[in-house]
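Report on the structure given below.
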Amino acid sequence: MHAFRSHTCGQLRKTDVGETAKLSGWVHRKREHANALFIDLRDHYGISQIVVYPNEAFYESAKRCPSESVITVTGEVLARDAEAVNTELDTGEVELRAQTFLIESQADPLPLPVFGEQEYPEEIRLKHRYLDLRRETLHNNIILRGQVINSLRSRMIAQGFTEFQTPILTASSPEGARDFLVPSRLNPGKFYALPQAPQQFKQLLMVAGFDRYFQIAPCFRDEDARADRSPGEFYQLDVEMSFVTQEDVFQAIEPVMAGVFEEFANGRKVETPFPRIPYKESMAKYGSDKPDLRIPFELTDVSEFFTDESKTGFGIFAKITNGGGKVIAIPAPGATDSQSRKFFDSLDKWAKKEMQAPGLGYARLRKEDGAVVSQDPALKNFDPELLKALLDKMGLGAGDGVFFSAGKKAAAYKLAGAARNKVAKELGLIPEGVFKFCWVIDYPMYEWDEDNNTIDFSHNPFSMPQAPEGKSAMDVLLEADTDEKKLDILAYQYDIVCNGVELSSGAIRNHKADVMYKAFEIAGYGPEVVEDKFAGMINAFKFGAPPHGGIAPGVDRIVMLLAGTETIRDVILFPMNGNAQDLMMNAPAEVDQSALKELNIKTVAPIPKD
RNA sequence: GCGGGUGUAGCUCAGUUGGUUAGAGCGCUGGCCUGUCACGCCAGAGGCCGCGGGUUCGAGUCCCGUCACUCGCGCCA
């Protein structure tokens, strides 16, 4: 018989009754009864019940064996009596009567109980990740992750893509995030950067004629964490294709995404085809370029209703709208009927505290003398006809509520978009069990940089500017002789979004060197910047570059959506905490002076705050 | 960098307007129980109330500071 097991803990069935079996695993739970000790023995595959009778020499040792110790048990497979069958377990019709009992590895008292679905503090979970990973939910999430990646790979390969491995030690890449730097021993004073994405490499692969590239690519960005953004590193399904239009990229990727989501949906619906929403429309309707389409209501620009203070009796919004600002209405269907005043006040408080906004106005709508009115400040003194027009435009009536986000255009929409998500969540208006995707398209090429009062790239500087029939991208750039015209230029730049989670950006790339120089010139960068920062790529484009484009959906976020978890850490094996520290491995850490000396590096004390 | 929340037993939490010896459940230890499977019953151990300062006759509770974790803003095209 094998040294450790003849079967796994999830394997034994009624057909094995009478056989001698050997199982190894972790002591999951113990139950001592008057005349028998029951042990739930767990491994990766399942749980089997071990029964130990008091006449066995090892009874005391088994009884004292701490939870999560690893043991090996040999014994006879017994059928359970009908009333003793556990229908919850696949192995519940049988049990193993222990005849030998060996503790392979005894466990100390646990900092983190494995049994049960109790929530535990992040700090302890991360420090003892190997224990947390034994727990069912996390264990299953990680298995799911492996299956999803496998599915993505096969779907890409089936479409004629080839997987490539691009360098990890490379030069600073053009993505715009902070780089992780790696000092070079052989080149004193110089540094590699870890790739923020294999962007230039995949474009170079197109120049090299490989036509269809993909990679489950590790990416490194030194930016602060969020619930859906792991600090430091993440994986994306990096894709690039030659001789394609934007539509070709959509046709290639949409079936992959829809397919993998359907494969692991587990009863949840995936709506296809994915709607396409222009960026401008997305901002207007949802206040965001990552709209959650599950939410059954949209934003409305109601600025025009608030401009005349003599008709609204509400000076603040009049001042804002007359000063070029916006008032954006967020409906709260049924909230006046279903919620107390506290609900409305708490959203205002949330806007002030969490969003660091001036506030969120609200109005509760009730029927009085046949008309729908509100006694809350924003609408209280409204001209009746104007109020009716406002409510008609938004389709609101008695029993509903409405919130108002007011301020400069960008800030007003940003708060409104966040409020739309918040209101829908609190009112329980986000349906579970459905994945609603969309493509957000037609991103602007440039945006106004408020801080520096200049025009800058709004997204990826390597996107191809859109040009109408008969005109070239170069024509479009040359004709944009005012800031206004420059800001109107659209790019072949797109995002794919699912349930309000941004899965990926992508673009048809700018493969023409002259157009690239011109595009950078508009954003205020001379040719030397292009040549210095993006040397590898721009030089390659001078030797015959195919038109190409691609996309890079985030693997962690895909798994997160499929696993239904709130934080991205729940689909990552060994995540770092919010301060980008690995509490288990103790990283980052100081290193020996000798190592620094070899790298020609001296550290200095951190500059004290003020 | 900024803001919110949290911090009480190994873990999840309760702890009233400041008032005697800070509690419960889970876990742990010991005992009991003829079959449990979140077993049940009895008993026990376990606390710098995050840390530092202050107010007060008296602080888990109030004030100031600080640290940690977390959520968000900035940042991440």
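Letters go in sequence order (proteins before strands), and every chain restarts at 1.
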Report yes if a side-chain nitrogen or oxygen of [X] is closer than 4.0 Å to either non-bridging phosphate oxygen (OP1 or OP2) of [N]; otherwise report no.
| X | N | result |
| --- | --- | --- |
| A:R64 | B:rU29 | no |
| A:N577 | B:rC69 | yes |
| A:Q581 | B:rA68 | no |
| A:N579 | B:rC69 | yes |

Round to a whole Å and report the spacing from [atom1] of [X] to [atom2] of [N].
| X | N | atom1 | atom2 | result |
| --- | --- | --- | --- | --- |
| A:D289 | B:rC76 | CG | P | 14 Å |
| A:D179 | B:rC75 | CG | C1' | 14 Å |
| A:R42 | B:rA38 | CZ | C1' | 15 Å |
| A:I568 | B:rG72 | CD1 | P | 12 Å |
| A:D582 | B:rC69 | CG | P | 13 Å |

Mind checking if [X] touches a base, just sugar-phosphate, or nothing, with heavy atoms under 4.0 Å?
| X | value |
| --- | --- |
| A:P109 | nothing |
| A:I124 | sugar-phosphate |
| A:S505 | base |

With a 6.0 Å cut-off on ring centres, are A:F101 and A:Y59 close enough?
no
For A:Y279 together with A:Y494, are the ring centres under 6.0 Å from each other?
no
Taking for each residue the nucleotide of RNA chain B bearing the nearest heavy atom, is the 5' side occupied by A:E122 or by A:E223?
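The residue whose closest nucleotide sits nearer the 5' end is A:E122.
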Assuming nearest nucleotide by heavy-atom distance, tell me which of A:G92 and A:L126 is located more 5' along RNA chain B.
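That would be A:G92.
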Going by atom types only, do A:D495 and A:S505 share a side-chain donor-acceptor pair under 3.5 Å?
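Note: A:D495 and A:S505 side chains meet the donor-acceptor criterion.
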Let me have the donor-acceptor pairs involving side chains of residues 568-582 of chain A, under 3.5 Å, with sequence neighbours excluded, atom names and distances please.
residue : atom : partner : partner atom : Å
A:R569  : NE   : A:E122  : OE2          : 2.6
A:D570  : OD1  : A:R125  : NH2          : 3.0
A:N577  : OD1  : A:N579  : N            : 2.9
A:N577  : OD1  : A:A580  : N            : 3.3
A:N577  : OD1  : A:Q581  : N            : 3.0
A:N577  : ND2  : A:Q581  : OE1          : 3.2
A:D582  : OD1  : A:M584  : N            : 2.9
A:D582  : OD1  : A:M585  : N            : 2.9

Check side chain to side chain donor-acceptor pair (under 3.5 Å) between [X] and all other residues, then give those that pass, not counting sequence neighbours.
| X | answer |
| --- | --- |
| A:S458 | none |
| A:D16 | none |
| A:S346 | none |
| A:D289 | A:Y443 |

Sticking with atom [atom1], work out how far [N] lies from [M], rounded to a whole angstrom.
| N | M | atom1 | result |
| --- | --- | --- | --- |
| B:rC32 | B:rA22 | C1' | 31 Å |
| B:rC33 | B:rC41 | P | 16 Å |
| B:rG54 | B:rA59 | C1' | 11 Å |
| B:rG65 | B:rG58 | P | 23 Å |
| B:rU8 | B:rG47 | C1' | 8 Å |
| B:rU56 | B:rU17 | C1' | 16 Å |
| B:rG5 | B:rA77 | C1' | 31 Å |
| B:rA24 | B:rU34 | P | 29 Å |

With sequence neighbours excluded, tell me which residues meet ring-ring contact (aromatic ring centres under 6.0 Å, His included) with A:H511.
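None.
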If you restrict it to nitrogen or oxygen atoms, what contacts under 3.5 Å exist between nucleotides 39-43 of chain B and the protein, and what is each distance?
residue : atom : partner : partner atom : Å
B:rC39  : OP1  : A:R29   : NE           : 3.3
B:rC39  : OP1  : A:R29   : NH2          : 2.5
B:rC39  : OP2  : A:R31   : NH1          : 3.1
B:rC39  : N3   : A:H33   : NE2          : 3.4
B:rC39  : N4   : A:E32   : O            : 2.8

Salt bridge check: are A:R509 and A:E240 linked by an N-O gap of less than 4.0 Å?
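Answer for the salt bridge query: yes.
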Ionic contact status for A:E447 with A:K486, cut-off 4.0 Å:
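Here A:K486 does not pair with A:E447 in a salt bridge, since their nearest N and O are not under 4.0 Å apart.
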Euclidean distance, A:M283 CE relative to A:I328 CD1, rounded to 0.5 Å
10.0 Å
Could you write out each protein N or O paired with an N or O of nucleotides 4-9 of chain B at a distance under 3.5 Å?
none

Pull out every stem in RNA chain B, meaning runs of 3 or more consecutive Watson-Crick or G-U wobble pairs with both distances under 3.5 Å.
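Consecutive-pair runs (3 or more) involving RNA chain B: B:1-7 with B:67-73, B:10-13 with B:23-26, B:28-32 with B:40-44, B:50-54 with B:62-66.
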Side-chain donor or acceptor of A:R80 under 3.5 Å from a matching atom on the base of B:rU36?
yes
Using only modelled atom types and a 3.5 angstrom limit, is any donor from either the side chain of A:Q49 or the base of B:rU36 paired with an acceptor on the other?
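By the distance-only test, yes, there is a pair.
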If you take any heavy atom closer than 4.0 Å to RNA chain B, which residues from residues 224-236 of chain A end up in contact?
A:D224, A:R226, A:A227, A:R229
Nucleotide nearest [X] when distance is taken to its side chain, options [options]:
| X | options | answer |
| --- | --- | --- |
| A:F38 | B:rU36, B:rU12, B:rC73 | B:rU36 |
| A:M355 | B:rC69, B:rG72, B:rA77 | B:rG72 |
| A:P121 | B:rA68, B:rU12, B:rC71 | B:rU12 |
| A:A84 | B:rC28, B:rU36, B:rC69 | B:rU36 |
| A:K414 | B:rC75, B:rC73, B:rC76 | B:rC73 |
| A:Q196 | B:rC37, B:rA77, B:rC73 | B:rA77 |

Mind jotting down which residue pairs meet the salt bridge (Lys or Arg N to Asp or Glu O under 4.0 Å) criterion with at least one end in residues 82-94 of chain A? Sequence neighbours excluded, please.
A:K14-A:E93
If you look only at distance, which donor and acceptor atoms sit under 3.5 Å apart when one is on a side chain in residues 227-239 of chain A and the other is two or more places apart or in another chain?
residue : atom : partner : partner atom : Å
A:R229  : NE   : A:D224  : O            : 3.2
A:R229  : NH2  : A:D224  : O            : 2.6
A:Q236  : NE2  : A:D238  : OD1          : 3.3
A:D238  : OD1  : A:K202  : NZ           : 2.9
A:D238  : OD2  : A:Y213  : OH           : 2.7

Answer yes or no: is there a side-chain heavy-atom contact under 4.5 Å between A:V497 and A:F437?
no
Which is it for A:F457 and A:Y446 under the ring pair (Phe, Tyr, Trp, His ring centres under 6.0 Å) test, yes or no, and what are the steps along the way?
CA-CA 4 Å; A:F457 290 110; A:Y446 300 101; 5.4 Å; yes
